[in-house]
There are 2 protein chains.
Amino acid sequence: MMELTRKGEYAIRGIVYLASRPMDQVCLLSDIAAAVEVPPTFLAKIFQQFSKIGLVKSYRGTGGGFIIGRDPEKITLLEVVEAVEGPIVPNRCAIREGECPRDASCTIHPVWLNVQKQVRSILKKVTLRDLAANTTSLPT
Amino acid sequence: MMELTRKGEYAIRGIVYLASRPMDQVCLLSDIAAAVEVPPTFLAKIFQQFSKIGLVKSYRGTGGGFIIGRDPEKITLLEVVEAVEGPIVPNRCAIREGECPRDASCTIHPVWLNVQKQVRSILKKVTLRDLAANTTSLPT
DNA sequence: ATCTTAGAAGATATAAAAAGTCTTTTAGGG
DNA sequence: CCCTAAAAGACTTTTTATATCTTCTAAGAT
Ligand code: SF4
Ligand code: SF4
């Protein structure tokens, strides 16, 4: 239960790798995919999503590729996960009040709200900077 | 992300209802299904699973049906959820150490372990007695 | 200008899981 | 022996996940 999809896992691996690279160094998608062992075409789709919302910046053409969208310290794991997996909702009724007609009287409802809150809280406290291994100075 | 399946939701609704009934009163599956608004055939499958592990007791034939397997205070929401949804694992690496070859050096790994721990902790603290609305004295 | 490089966008394909149904069998009463 | 109700397992349908492919667009190199 509650399992992250491959997409989510790949997304995190990819952007964490990117966050560990210097911001002035444009990374080829193929290089990122190889480094984090993810199917390149799949990672491309994921990074397109990231690009749209500014989590990464993309450059086309020769010398193109990706860099991180902003300071890794300002990007939380929560943001990354929700960007590709959608909002964290342990059950439908956690989407919004009234989503389940039973929620007003349901004794289980508050439990899911609590789960949602706790999980979001954990993921929000972790930034890409925390996650980026110090590979900044590694060879290309 | 992290969404409970219908099966899980139905399972909880069903067993919570059962927990709210007096233990000496055998409940028809069809009645339970109607009360919690779940497809009867689907709930049947779920209760078969519960029966195997003793969460509910089943009786066949005339006057048959289901009762709760043991004191609702002794059954946690965690147990119920894991019975039908499997273990709570926010990511593969939370299944067991070594499941992901990267886990030893992975900076994200501990985050998922933490998520898993917190969620399990929340669900473990909630018993079926807490969840059972006081419908014990309602008409059949 | 045009060629090459590399990402964007969208369609498509495959596979797996979820959701639900149906049929046959077994057990327990009347 | 007949009726009731659950057990067991096969089966169907739908949805989601996973992945790839093709065409298009932007940017630098020649
Ligand atoms: S837990 Fe309660 S409120 Fe939430 S979906 Fe289930 S019935 Fe509805
Ligand atoms: S978070 Fe790290 S250890 Fe867990 S599955 Fe992903 S790479 Fe493996």
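Chain letters run A, B, ... following the sequence lines, proteins first and then strands; every chain starts at 1.
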Keeping the roles fixed (side chain from [X], backbone from [Y]), state whether a donor-acceptor pair exists under 3.5 Å.
{"X": "B:Asp103", "Y": "B:Gly98", "value": "yes"}
{"X": "B:Gln116", "Y": "B:Ile88", "value": "yes"}
{"X": "A:Glu85", "Y": "A:Thr5", "value": "yes"}

Rounded to the nearest Å, what distance is computed from the [atom1] atom of residue [X] to the [atom2] atom of nucleotide [N]?
{"X": "A:Arg92", "N": "C:dA19", "atom1": "CZ", "atom2": "C1'", "result": "11 Å"}
{"X": "B:Tyr10", "N": "C:dT21", "atom1": "OH", "atom2": "C1'", "result": "13 Å"}
{"X": "A:Lys7", "N": "D:dA19", "atom1": "NZ", "atom2": "P", "result": "12 Å"}
{"X": "B:Asp31", "N": "D:dA6", "atom1": "CG", "atom2": "C1'", "result": "14 Å"}
{"X": "B:Leu29", "N": "D:dA8", "atom1": "CG", "atom2": "P", "result": "14 Å"}
{"X": "A:Ile67", "N": "C:dA6", "atom1": "CD1", "atom2": "P", "result": "17 Å"}
{"X": "A:Glu3", "N": "D:dT16", "atom1": "CD", "atom2": "P", "result": "18 Å"}
{"X": "B:Leu4", "N": "C:dA18", "atom1": "CG", "atom2": "P", "result": "11 Å"}

Assess, by modelled atom type and distance only, whether the side chains of A:Asn91 and B:Glu9 contain a donor and an acceptor separated by less than 3.5 Å.
yes
Between B:Arg120 and B:Glu82, does any side-chain N to carboxylate O distance fall below 4.0 Å?
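Yes.
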One thing to verify: whether B:Lys124 and B:Glu79 come together as a salt bridge, which I'm taking to mean a side-chain N less than 4.0 angstrom from a carboxylate O.
no
Contact state string [nucleotides 12-17 of chain C, B base, S sugar-phosphate only, - no protein heavy atom under 4.0 Å]:
------
5'-most by nearest nucleotide on DNA chain C - B:Thr5 or A:Phe66:
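Its nearest nucleotide lies further toward 5', so the answer is A:Phe66.
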Does CZ in B:Arg70 sit with more than 12 non-hydrogen atoms of other residues, nucleotides or ligands closer than 6.0 Å?
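Yes, because the 6.0 Å sphere around CZ of B:Arg70 holds more than 12 heavy atoms from other groups.
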Quick one: list whatever passes salt bridge (charged side-chain N to carboxylate O under 4.0 Å, His left out) with B:Arg6, sequence neighbours left out.
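Scan of B:Arg6 (salt bridge (charged side-chain N to carboxylate O under 4.0 Å, His left out), adjacent residues dropped) gives none.
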Could you list by number each residue of residues 39-63 of chain B showing a heavy-atom separation from DNA chain D of less than 4.0 Å, or answer none if no residue does?
B:Lys45, B:Gln48, B:Ser51, B:Lys52, B:Ser58, B:Tyr59, B:Arg60, B:Gly61, B:Thr62
Please find the pair of heavy atoms, one from A:Ile67 and one from A:Gln25, that lie closest to each other, and give the distance.
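Of all heavy-atom pairs spanning A:Ile67 and A:Gln25, the closest is CG2-O, 3.5 Å.
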